[in-house]
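I have placed the structure first, in the form of structure tokens, so that the comments after it can refer back to it.
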Amino acid sequence: MPELPEVETVRQGLERRVLGRRISAIRVLRPGTVRGQPASWMEGRRVASFHRKGKTLIMELSGEGSRPRADLIVRLGMTGRLVLNPREAPLLPHTHACISLDDGREELRYCDPRRFGMLRLSTPQETEQMLHSLGPDALEVTESEFTGRMGKRHGAIKGWLLNQQVLSGLGNIYADEALFAARVHPQTPAGKVSKAARRALYRAVRNVLRRAIALQGTTFRDYIDIEGRPGKFMSRLQVYGRAGQPCRRCNNTVQRIVICGRSSHFCPSCQRRPRKTAFSL
DNA sequence: GCAAGCCTGACC
DNA sequence: GGTCAGGCTTGC
């Protein structure tokens with residue numbers, strides 16, 4: 001599932017292979033795939049930059065002559081892929097759009113079996129609005145903003161970490177891994193996480209994301225980068241997907257429960273439930 | 001039938 | 001406003 005490290009890996013690949021190239025044509029194979037402005041808006045423009053905020057990728061397209069700048073906003077959702085292929089390579093099933101580059105011998109293809117992802121072609125102002133609705137990027141946020149945003153919220157810390165309006169970039173895998181690293185029980189109300197644990201969680205989030213980026217992300221099922229390579233972080237997972245297996249730290253059994261409708265993996269002895277005493281803060 | 005991310009909407 | 005359930009989609 002593409003979370004911050006996977007999207008960053010895709011962004012870096014695009015920067016290496018697509019930056020500065022001209023979009024010669026776009027073929028939309030599934031109507032409605034590109035929302036916002038008409039897809040033909042992209043044609044003839046150059047790719048000026050690739051940015052990322054949380055899990056959202058922004059491909060900035062140059063203005064040409066009297067045409068203003070435009071942005072292609074990419075959300076990979078759960079099974080979305082962007083892959084760079086030679087024109088003659090066979091299409092993966094569920095390929096919804098192909099963006100031809102330069103002379104058309106190579107194209108960037110968007111494929112998404114579950115269709116939870118989206119492409120949106122927007123004006124710079126629309127992009128700004130969209131990014132404004134996202135919380136700070138999980139790698140850019142400062143410690144004081146991170147701990148401050150936890151505030152006195154009553155919801156489970158797990159849900160807080162997944163809320164993209166509060167903090168952007170974490171999905172189920174890295175939320176569980178960060179909570180394990182910080183030894184915080186996923187059901188702890190966000191506002192009840194102690195000062196020391198907030199600091200530990202802040203560091204754990206950054207640490208797990210940085211390490212995952214260094215290994216090109218996690219391929220649990222579908223994720224691959226633009227050159228078709230899977231991530232290499234799976235062997236580093238401590239709790240995600242390891243329910244019933246021994247904790248790598250204490251040998252107790254990793255558990256799986258549902259919090260906010262999402263599966264949560266944790267070690268009940270490394271991550272204790274908060275005690276409800278006056279001194280628990 | 002379950003999993004995922006995220007949007008919508010119901011409820012306090 | 002905060003919180004969370006429900007629904008979307010499809011391969012396993």
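In what follows, chains are A, B, ... by sequence order, proteins preceding strands, each numbered from 1.
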Exercise. Does A/Arg75 have a side-chain nitrogen or oxygen under 4.0 Å from the phosphate oxygens OP1 or OP2 of B/dC7?
Worked result: yes
Problem set entry | Of A/Met78 and A/Gln165, the one whose closest DNA chain B nucleotide lies more 5' | A/Met78
Exercise. Looking only at atom types and distance, does a side-chain atom of A/Asp112 sit under 3.5 Å from a main-chain N or O of A/Phe116, one as donor and one as acceptor?
Worked result: yes
Seminar exercise, completed: Whole-Å distance, A/Phe116 CZ to C/dG7 C1', equals 8 Å
Exercise. Is the base of C/dT10 touched by the side chain of A/Arg114 through a donor-acceptor pair closer than 3.5 angstrom?
Worked result: yes
For this session: With rounding to the nearest 0.5 Å, note down the distance linking CD1 in A/Ile259 to NE2 in A/His185.
Result: 6.5 Å
Exercise. Counting any heavy atom closer than 4.0 Å, what does A/Tyr174 reach on the DNA or RNA strands: base, sugar-phosphate only, or nothing?
Worked result: nothing
Problem set entry | A/Thr79 vs B/dA4: side-chain N/O to OP1/OP2 distance below 4.0 Å | no
Exercise. Phosphate oxygens OP1/OP2 of C/dT10: is one of them under 4.0 Å from a side-chain N or O of A/Arg115?
Worked result: yes
Problem set entry | Test side chain to side chain donor-acceptor pair (under 3.5 Å) applied to A/Arg206 and A/Tyr202, step by step | CA-CA 7 Å; A/Arg206 296 168 71 82; A/Tyr202 175 73; 3.0 Å; yes
Problem set entry | C/dG11 phosphate, OP1 or OP2, under 4.0 Å from A/His94 side-chain N/O | yes
Problem set entry | Residue-phosphate contact under 4.0 Å: A/Lys55 side-chain N/O, B/dC6 OP1/OP2 | yes
Exercise. Which nucleotide in the set C/dC8, C/dC4, C/dT3 lies at the smallest distance from any side-chain heavy atom of A/Arg153?
Worked result: C/dT3
Problem set entry | NZ-CG distance between A/Lys53 and A/Leu131, expressed to the nearest 0.5 angstrom | 5.5 Å
